[in-house]
Amino acid sequence: MSVRTRFAPSPTGGLHLGGVRTALYSYLYTKKHHGQFVLRIEDTDQNRYVEGAEQYIIDCLNWCGITPDEGPHLPGDYAPYRQSERKADYKPYALQLVEQGHAYYAFDTPEELEAMRNNFKSPNNPSPQYDHNTRMKMKNSLTLLPEETERLLAAQTPYVIRIKMDENEVITFQDMIRGEISNESGLVDDKVLLKADGMPTYHLAVVVDDYLMKITHAFRGEEWLPSAPVHIKLWEYLGWKNDMPQWAHLPLILKPDGHGKLSKRDGDRLGFPVFAMDWQDAKTGEMMQGFRERGFLPEAFVNMLAMLGWHSGEEKELFSMDELISSFSMERVHKHGAKFDFEKAKWFNHEWIKHSTEEHLLPQVKKHLQQANIPVGDDDKLSNIIALVKDRCTLLHDFVQQTGYFYQSPASYDLESIQPKWSAEKKDFFESLMLRFKDLPDFKMQTIEESFKALAAEKNIKVGELQLPFRIMLVGGKFGPGVFQIAELIGKEAVEMRVGAVLGQL
RNA sequence: GCCGCGUUGGUCAAUCGGUUAAGACGCCUCCCUUUCACGGAGGAAUGACGAGUUCGACUCUCGUACGUGGUACCA
């Protein structure tokens, strides 16, 4: 049977890096087995629906190269792919469960539920559940007379449908990552399956849709482990147990410092992105930064995420998507959470920039330069420059500093690095150098260097002591590739201008 | 509180009963380079604790501690 997995985010905001990793692992597993990867939008909570979030999720996946085979934007045989559009499909199953005695109607109002939690609260049980201990004290089809239930239903009284968990059963299932996991059914509450607005909860929807969409392997975060027994029972009660997907509960990505899982707030606090791409909150107008805008290559982002929770077993850390697909295996996915390390993330990006070709880098670098108002000329020149400076760039934004001086005069010069050792002799050297440059047969790196060194010898000044001032005159600071190389690329005219400008300031 | 899951350097991690317990990031030192990087060489730094099984335990079992997740008509 062909492998089918799904990534099922809810469109409530930006796509968190943990979500991307879940998608990535599903994708890797699926592609390794030549299966189909499905995007399903879990928009059953209408209160939390956020405009634009769905398209954003699709864009993020595309940017990462985690491309779905089916989804709301790519309808396949199992459309629709938005749960809100499948609303009518769920209720019959909930009713079937009621019919079979595995679920029941509950008419408790939110206030009554709160009252129950307060009444039964004790130091030993701070959060009472709606379960076998309490359900017979609530207002539901188990406690009401059948005709009373009928009457309430007929009168259109708001109700939910809850699963009726057994009191004494050990629910066991196999997790691809953790092996056998057991829970006692009596400790699990009677989760709501169908909400008062007619929408299913996640619990019902995930089971029904995974079944209808023929999902074979279900990847999700570890936070779902506690409710897995509900899902297991649902597969069983609905009579689909033989079609149940294999579960894989992925470990969490944790905060680098304190405790707990990484949240979008941590990014702000610690100064790194948490979302894949920029996300602006429509309500608050707040902008949350994304890895893409921060200057990450998608290859590096994906590579970094892959290694956060999985290891090939080899001494290799740099993997392309294709390499990940062929190397990936569930046996090597870790059980424990990993603290996110932005320094390591940057290292991945640096490696990917160094190993990428100029052609590959060009469009992305160009975008960042244009945003910084750097007048990039033709692509060939930029390509040459990228080749020269890419070793020095960790994030794409670093290209702004590393290439800016090739296109425009430095905004400021690091004169402090020249002044202490500056002298009349050196000033004389540069003045003479400018005269020499006028007579040069060409303005190639080698010619410039020879002329520079010959003059230094004549003036009896060490070349090394002149190179730094020259660099600062051209570049503005202590960075960049070889000075003579830079001189050639910016051209004679610009060199004369910049040298003259600095000479005037010293 | 209860339940689930987890625990190798600061971080990511290899090891699938027998190793001087890999490697990477970060940090430090040196070399290269009279810029910044890249590159190269080296260094500091690890099995939570306690029992048990075993000739032998980081590896298996149990307990404790700690961490983490859940305990919603949210996913």
Side-chain angles (χ1 to χ4, degrees), chain A residues 8-12 42-45 47-48 106 108-110 113 117 121-131 158-162 175 177-178 181-184 186-189 191-197 199-203 205-206 220-229 249 251-252 254 256-257 259-261 304 307-318 331-332 334-348 350 354 389-394 398 401-402 414 417 462-472 475 477-483 486:
Chain A
S10 47
T12 52
E42 307 232 340
D43 54 351
T44 53
D45 186 354
N47 299 320
R48 296 210 307 159
D108 316 274
T109 64
L113 288 174
R117 292 191 181 106
K121 198 187 318 192
S122 71
N124 280 338
N125 184 10
S127 42
Q129 304 188 117
Y130 203 121
D131 58 16
Y159 67 89
V160 301
I161 292 178
R162 287 179 181 271
D175 184 90
I177 296 171
R178 293 153 208 282
I181 291 175
S182 302
N183 292 78
E184 283 184 49
L187 266 9
V188 180
D189 64 331
K191 290 262 184 276
V192 170
L193 302 178
L194 198 75
K195 303 191 256 191
D197 64 3
M199 276 288 198
T201 57
Y202 171 83
H203 308 292
V206 73
R220 52 171 26 169
E222 189 186 348
E223 67 268 29
W224 290 108
L225 224 30
S227 51
H249 290 89
L252 270 9
L254 277 9
D257 57 346
H259 307 295
K261 59 177 172 177
M304 176 272 292
M307 301 308 289
L308 207 57
W310 171 83
H311 193 280
S312 69
E314 296 163 66
E315 260 186 49
K316 171 180 160 96
E317 289 191 277
L318 265 22
E331 293 72 47
R332 303 201 67 97
H334 304 141
K335 294 179 169 73
H336 56 270
K339 288 184 183 166
F340 178 69
D341 181 1
F342 190 53
E343 290 305 316
K344 187 75 187 238
K346 285 196 293 193
W347 176 81
F348 275 107
H350 194 14
K354 284 191 295 186
V389 304
K390 65 179 183 180
D391 279 1
R392 283 159 247 263
C393 299
T394 298
D398 294 336
Q401 191 208 31
Q402 293 293 341
D414 177 14
S417 296
K462 278 190 216 156
V463 178
E465 293 197 16
L466 295 163
Q467 278 192 36
L468 181 64
F470 193 34
R471 165 179 302 281
I472 289 176
V475 173
K478 293 201 275 187
F479 56 89
V483 244
I486 294 170

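By convention in this document, chain letters (A, B, ...) are assigned in the order of the sequence lines, proteins followed by strands, and residues within each chain are numbered from 1. Below, all heavy atoms of this structure are taken into account, side chains as well, without hydrogens, waters or symmetry copies.
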Among B/A72, B/G69, B/G39, the one nearest A/Lys261 by side-chain distance: B/G69

Shortest side-chain distance from A/Lys195, nucleotide among B/C3, B/A13, B/C74: B/C74

Touch class at under 4.0 angstrom, heavy-atom based, for A/Ala338 against every strand present: sugar-phosphate

Residues in salt bridge (Lys or Arg N to Asp or Glu O under 4.0 Å) contact with A/Lys354, at least two apart in sequence or another chain: A/Glu351

Sugar-phosphate, base or nothing in reach of A/His249, heavy atoms under 4.0 Å: nothing

Side-chain donor/acceptor of A/Asp175 to backbone N/O of A/Ile177, under 3.5 Å: yes

P atoms of B/A48 and B/A57, separation to the nearest Å: 15 Å

What are the atom names and distances for every N/O pair under 3.5 Å that joins the protein to nucleotides 5-7 of chain B?
from	atom 1	to	atom 2	distance (Å)
B/C5	O2'	A/Arg178	NH1	2.4
B/C5	O2'	A/Glu222	OE2	3.3
B/U7	OP1	A/His336	ND1	3.4

Residue A/Arg332, side-chain atoms from C-beta onward, closest of B/U15, B/U35, B/C12: B/U15

Contacts of type side-chain hydrogen bond (donor to acceptor under 3.5 Å, both in side chains), residue A/Glu465, not counting sequence neighbours: A/Lys426

Under 4.0 angstrom between A/His334 side-chain N/O and B/A13 OP1 or OP2: yes

B/U20 and B/G47, which share atom name C1', separated by this distance in whole Å: 16 Å

Euclidean distance, atom CG of residue A/Asp131 to atom P of B/C3 [Å, nearest integer]: 14 Å

Sugar-phosphate, base or nothing in reach of A/Asp43, heavy atoms under 4.0 Å: nothing

Min side-chain heavy-atom separation A/Glu42-A/Pro200 under 4.5 Å: no

Backbone N/O of A/Arg220 and side chain of A/His249: donor-acceptor pair under 3.5 Å: no

Closest non-hydrogen atom pair, A/Gly186 against A/Asp131: O-OD2, 4.4 Å

For nucleotides 57-60 of chain B, give me every protein contact, N/O to N/O, under 3.5 Å, one pair per line with atom names.
none

Parallel, tilted or perpendicular: rings of A/Trp224 and A/Tyr202 (30°, 60°): parallel

Length of the CD-C1' vector between A/Glu223 and B/C3, whole Å: 17 Å

Provide a list of protein-nucleic acid N or O atom pairs under 3.5 angstrom, restricted to nucleotides 40-42 of chain B.
none

Short heteroatom pairs, N/O only, protein and nucleotides 25-34 of chain B, under 3.5 Å:
from	atom 1	to	atom 2	distance (Å)
B/C25	OP1	A/Trp347	NE1	3.3

Side-chain touch A/Arg392/A/Asp398, heavy atoms, less than 4.5 angstrom: no

Sequence-distant partners of A/Lys195, salt bridge (Lys or Arg N to Asp or Glu O under 4.0 Å), two or more places apart: none

RNA chain B: 5'-proximal contact among A/Gln402 and A/Leu254 (nearest heavy atom): A/Gln402

Exercise: identify the closest heavy-atom pair between A/Thr394 and A/Lys346: CG2-O, 3.5 Å

Steps toward salt bridge (charged side-chain N to carboxylate O under 4.0 Å, His left out) verdict (A/Lys339, A/Asp341): CA-CA 6 Å; A/Lys339 288 184 183 166; A/Asp341 181 1; over 6 Å; no

Sequence-distant partners of A/Asp45, salt bridge (Lys or Arg N to Asp or Glu O under 4.0 Å), two or more places apart: A/Arg48

Sugar-phosphate only, base, or nothing, as touched by A/Arg117 at under 4.0 Å among non-hydrogen atoms: sugar-phosphate

Whole-Å gap separating C1' (B/A75) and CG (A/Leu193): 15 Å

Pairing string, 5' to 3', for RNA chain B - Watson-Crick or wobble contacts under 3.5 Å, brackets [ ] where pairs cross, | to another strand: (((((((..(((.....[....))).(((((.......)))))....(((((..]....))))))))))))....

A/Thr201 side chain, from C-beta outward: closest of B/G1, B/A75, B/A14: B/A75

Test item: A/Pro469 and A/Ile472 side chains (from C-beta on) under 4.5 Å apart, heavy atoms: no

Check: A/Phe479 main-chain N/O paired with A/Arg471 side-chain donor or acceptor under 3.5 Å: yes

Candidates B/C12, B/C36, B/C73 - which lies nearest the side chain of A/Val192: B/C73

Touch class at under 4.0 angstrom, heavy-atom based, for A/Pro123 against every strand present: sugar-phosphate

Touch class at under 4.0 angstrom, heavy-atom based, for A/Gly260 against every strand present: sugar-phosphate

Touch class at under 4.0 angstrom, heavy-atom based, for A/Ser127 against every strand present: base

Partner set under salt bridge (Lys or Arg N to Asp or Glu O under 4.0 Å) for A/Arg332, not counting sequence neighbours: none

Rounded P spacing from B/C49 to B/C31 in Å: 40 Å

Sugar-phosphate only, base, or nothing, as touched by A/Gly477 at under 4.0 Å among non-hydrogen atoms: nothing

Between B/U11 (C1') and A/Met307 (CE): distance, integer Å: 14 Å

For the student: nearest non-hydrogen atoms of A/Gly477 and A/Asp414, plus distance: CA-CB, 4.2 Å

Length of the line joining A/Lys390:NZ and B/G39:P, which is rounded to integer Å: 13 Å

Length of the NZ-P vector between A/Lys316 and B/G23, whole Å: 19 Å

Sugar-phosphate, base or nothing in reach of A/Ser417, heavy atoms under 4.0 Å: nothing

Atom-to-atom span, CD of A/Glu315 to P of B/G23 - whole angstrom: 7 Å

By side-chain hydrogen bond (donor to acceptor under 3.5 Å, both in side chains) - contacts of A/Lys344 (at least two apart): A/Glu317

A/Pro226, nearest nucleotide to its side chain (from B/G69, B/A37, B/A13): B/G69

Per A/Arg392 side chain, nearest of listed nucleotides B/C12, B/A37, B/G1: B/A37

Sugar-phosphate, base or nothing in reach of A/Lys346, heavy atoms under 4.0 Å: nothing

Contact nearer the 5' end of RNA chain B, comparing A/Lys339 with A/Ser10: A/Lys339

Partner set under ring pair (Phe, Tyr, Trp, His ring centres under 6.0 Å) for A/Phe340, not counting sequence neighbours: A/Phe272

Enclosure of A/Glu223 CD (heavy-atom neighbours >12, cutoff 6.0 Å): yes

Separation of atom CG in A/Asn125 from atom C1' in B/G70, rounded to whole Å: 14 Å

